[in-house]
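Below is one structure, written out as structure tokens; comments come after it.
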Amino acid sequence: MKILNCPLNGPRNISEFTYGGEYHAMPDAAKSSRSDWAEYIFFHRNPAGPVIEWWCHTASAYWFLAERDTRNNEILRTMPVAEYLSEQQA
Amino acid sequence: MNPFTITGGAGIRSPLQRWHKSQNAVFDSANGAQFVSRYQAVELEANRAKNLGLADLTTFPRCGIKAGHDGQYLRTQGYNLPGGANLAALQSSGSLLLRLSDTEFWLLSDLQQQAKVFAADLVDLPATCYDLPRLHSHCWLALSGDMAPDVLAKLCAVDLRCSAFAVNHIAQTSLARVNVIIVRTDTASGAPRFYLLSDISSCEYLWHCLLDAMQEFSGTTIGLNALQQL
């Protein structure tokens, strides 16, 4: 059984979660072109290595971010979105 | 009309109504809703339920609210807020306030159904808040008795033993592969009691899963009368 640590609910079976895709910073709606939006919505970097991803704890409908190493499927850390964003701004 | 007031005539029934009838349940009504008062003699039910009992509270009043940052709005309305997410707090009215996230709260009525589930002064909600009707969206079951944690251990991966899962703690998790909110709220005599809130479409499935898991512990279904005596 693979365990994912939900920032709100604590450790839970991976079957309680839904994958939401790679995290990308949302483009500025006032300045971005159609191709910027297409890039944001449809394309992923899909790197071999650590990647920040959206995950949802289905039972509580709680969305958060997880850093996962795609080479070995190891979850490196999980965090609330606000925590990650404040990290990026610091 | 106050959106938090439970109305709708006498027509509110549990999805388990037919099953209850098949077990010769005796019904009572309050707030325009029917509930099981007993299946057999109340004393017998209450005695057996000290070991393990399952009750259907699905028609009991409850509602939810998105209460803005840190539940500030409910605080200003005089509610006793739980200290953090996944905690519950008993209100002076007897109702139980669940905090499911920083901003989402559910209020469950007391077993006498006397507490007003959100007072009329909560109608004029500020723009940052909105109500979450929960009477028809979720079923509400109560599993009581000394063996209740053992039954849950068969169906749920979260450690819900009394030593690990304290009173007024909440687990939002999977029970018999169904999303469920589990609240530990012990009886007046201190016996373990868990409220289980799940999507109403899963009500019958979850009820029968619990009955099946209860068999080895000689559990029984109980009505409100026995539940109030625990």
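Predicted, not measured: the structure shown is a model, and the values here were computed from it.
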Enclosure of [X] [atom1] (heavy-atom neighbours >12, cutoff 6.0 Å):
X	atom1	answer
B:Arg18	CZ	no
B:Arg75	CZ	yes
A:Lys31	NZ	no

How close do A:Arg12 and B:Gln172 get, heavy atom to heavy atom, and via which atoms? NE-O, 3.4 Å

Looking only at heavy atoms, which two atoms of A:Asn9 and B:Asn86 are closest? And how far apart? OD1-ND2, 3.0 Å

Look up atom CG in B:Asp102 and atom CG in A:Leu8, then write down how far apart they are to the nearest 0.5 Å.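 Interatomic distance, B:Asp102 CG to A:Leu8 CG, rounded to 0.5 Å: 7.5 Å.
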
Distance, nearest 0.5 Å, that separates OG of A:Ser15 from CZ of B:Arg177: 5.0 Å

